[in-house]
Amino acid sequence: MNSNPKPTTAIDAPSLSYRAGQAARRRLGSLGALLLAAVGAFVATPSYAQDIPTSPSFVDDFKSFDRARWYVSDGWNNGSHQNCTWSKGMVELSNNVLSLGFEKQTLKDRDYVCGEIQTKQRFGYGTYEARLKTDTGSGLNAAFFTYIGPSDKQPWDEIDFEVLTNDTSKVQVNAYIAGKGKNEKLVDVPGGTENAFNDYAFVWQKDSLRWYVNGQLVNTIADPAKLPSHAQKIFFSFWGSDTMKGWMGAFADPGRKLSLQIERVAFTALGEPCQFPESLACSVK
């Protein structure tokens, strides 16, 4: 179904020159590199029992679009594997829901446009949460993840939730440490990712990384060699590929505008109190 609410207000990308670098990101053996917008503000504040600096805890329920927090990707693509160009027009706010769109529209050298946002700040150990609803469609990826890498003069660390919308009964969790992945796991999303909003969260601590879907633990990594160790930015993106058929399914023109909807995102630093009643940080330590 078309989950994009109307009426909508497009979010303009910042006018400043924000793309100051390129980060190479592989996706499960893809030969394409994913260029990421990089330079962002980083507020180093101490947090309980951790030695990775972090920006402060926050909750964003999208009553408005916080330009001090979010950067909108606009006007480029992330490599030959991606069949769409990031467009500020695909980031829209309506009724306290932020939508990232995917639509047939020629922009630069791509036939489709798509949406991505990222925080300007970096975050460390704590609980990361997002309440999301996806569309359906083969060859598309709706993602909630954290990332840092060479464009920020850091090693490549990453923590993922990725809904490959050719199969909305599952979400893939994964982590990259110093550019090395192979930690992926497909987990069930009861009722599907497209029929209702679902809660996705991970708890990142010095000795473990745990993923949750609707409050249920679905994956744990405790091997020190497989745990990220660098503060990261929070990303949401919705994009397509003509080439990554083995992973995302064969791309097919959906014939309509699709969207990833974000109702809420939150970060609660390790050791700090939970910030809203439904937060995983209220019940899981």
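Given the structure is predicted, the values throughout are model-derived calculations rather than measurements.
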Of the non-hydrogen atoms in [X] and [Y], which two are nearest, and what is the gap between them?
{"X": "L100", "Y": "V91", "answer": "CD2-CG2, 3.8 Å"}
{"X": "G124", "Y": "T54", "answer": "N-OG1, 3.0 Å"}
{"X": "P150", "Y": "W156", "answer": "CD-CB, 4.4 Å"}
{"X": "F235", "Y": "E116", "answer": "CD2-OE2, 3.8 Å"}
{"X": "P277", "Y": "C282", "answer": "O-SG, 3.9 Å"}
{"X": "A143", "Y": "E162", "answer": "CB-CG, 4.0 Å"}

Please identify each residue that fulfils side-chain contact (heavy atoms from CB on, under 4.5 Å) with [X], with sequence neighbours left out.
{"X": "L280", "value": "T127, E129, A201, V203, Y212, S283, V284"}
{"X": "D223", "value": "A225, K226"}
{"X": "D157", "value": "I148, I177, P228, S229, H230, Q232"}

Donor-acceptor pair, side chain of [X] and main chain of [Y], under 3.5 angstrom:
{"X": "N166", "Y": "S138", "result": "no"}
{"X": "K285", "Y": "A281", "result": "yes"}
{"X": "S57", "Y": "A269", "result": "yes"}
{"X": "S87", "Y": "C114", "result": "no"}
{"X": "N95", "Y": "V97", "result": "no"}
{"X": "K185", "Y": "V218", "result": "yes"}
{"X": "T85", "Y": "W76", "result": "no"}

inquiry  = Using the rule given for side chain to side chain contact (heavy atoms under 4.5 Å, CB included), can you reason through E184 versus Y176, listing the C-alpha separation, both sets of side-chain angles and the distance that settles it, and then say yes or no?
reply    = CA-CA 9 Å; E184 64 271 6; Y176 287 79; over 6 Å; no
Hey, are the side chains of [X] and [Y] touching, using non-hydrogen atoms and a 4.5 Å cut-off?
{"X": "N183", "Y": "I221", "answer": "yes"}
{"X": "I262", "Y": "F197", "answer": "no"}
{"X": "R122", "Y": "D152", "answer": "yes"}
{"X": "Q261", "Y": "L98", "answer": "no"}
{"X": "N96", "Y": "E263", "answer": "no"}
{"X": "N141", "Y": "F238", "answer": "no"}
{"X": "F102", "Y": "C84", "answer": "yes"}

Side-chain ion pair, [X] and [Y], N-O less than 4.0 Å:
{"X": "K104", "Y": "D253", "answer": "yes"}
{"X": "D188", "Y": "K170", "answer": "yes"}
{"X": "D60", "Y": "R69", "answer": "yes"}

Judged by modelled atom types alone, do [X] and [Y] share a side-chain donor-acceptor pair under 3.5 Å?
{"X": "R110", "Y": "Q82", "answer": "no"}
{"X": "N83", "Y": "D242", "answer": "yes"}
{"X": "E194", "Y": "T168", "answer": "yes"}

Is [Y] reachable from [X] through a run of I, L, V, M, F, W or Y residues, each pair having side-chain heavy atoms under 4.5 Å apart?
{"X": "F58", "Y": "I52", "answer": "yes"}
{"X": "L258", "Y": "V189", "answer": "yes"}
{"X": "M90", "Y": "W86", "answer": "no"}
{"X": "V213", "Y": "L186", "answer": "no"}
{"X": "L107", "Y": "L140", "answer": "no"}

To the nearest 0.5 Å, what is the distance between [atom1] on [X] and [atom2] on [Y]?
{"X": "L227", "Y": "Q205", "atom1": "CG", "atom2": "CD", "result": "10.0 Å"}
{"X": "S169", "Y": "N195", "atom1": "OG", "atom2": "CG", "result": "11.0 Å"}
{"X": "D66", "Y": "K120", "atom1": "CG", "atom2": "NZ", "result": "8.5 Å"}

task = Show your reasoning for whether side chain to side chain contact (heavy atoms under 4.5 Å, CB included) applies to W211 and V171.
result = CA-CA 11 Å; W211 287 263; V171 62; over 6 Å; no
request  = Go through the steps for D199 and E278 under the test side chain to side chain contact (heavy atoms under 4.5 Å, CB included), then give the verdict.
outcome  = CA-CA 10 Å; D199 293 298; E278 304 86 0; over 6 Å; no
request  = For N214, enumerate each residue passing the side chain to side chain donor-acceptor pair (under 3.5 Å) test, keeping only those at least two apart in sequence or located in another chain.
outcome  =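 Side chain to side chain donor-acceptor pair (under 3.5 Å) list for N214, sorted by chain: N198.
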ask   = Among Y71, F145, F144, Y147, which residue meets the ring pair (Phe, Tyr, Trp, His ring centres under 6.0 Å) test with F236?
value =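 Output: one option passes, namely F144.
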ring-ring contact (aromatic ring centres under 6.0 Å, His included) partners for Y200, two or more places apart =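 Once residues adjacent in sequence are excluded, the partners of Y200 under the ring-ring contact (aromatic ring centres under 6.0 Å, His included) criterion are F161.
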ask   = Which ring pair (Phe, Tyr, Trp, His ring centres under 6.0 Å) pairs, counting each pair once, include a residue from residues 252-285, with sequence neighbours left out?
value =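 Passing the test, one end in residues 252-285: F123-F267, Y128-F267.
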request  = Using side chain to side chain donor-acceptor pair (under 3.5 Å) as the criterion, point out the one residue from D135, T134, T136 that pairs with T193.
outcome  =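 In the set D135, T134, T136, the residue that makes a side chain to side chain donor-acceptor pair (under 3.5 Å) with T193 is T134.
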ask   = Centres of the W247 and H81 rings: under 6.0 Å?
value =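 Ring-ring flag for W247/H81: false, centres at least 6.0 Å apart.
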query = Yes or no on side chain to side chain contact (heavy atoms under 4.5 Å, CB included) for I159 and L209, after CA distance, side-chain angles and deciding distance?
reply = CA-CA 9 Å; I159 305 169; L209 179 55; 3.9 Å; yes
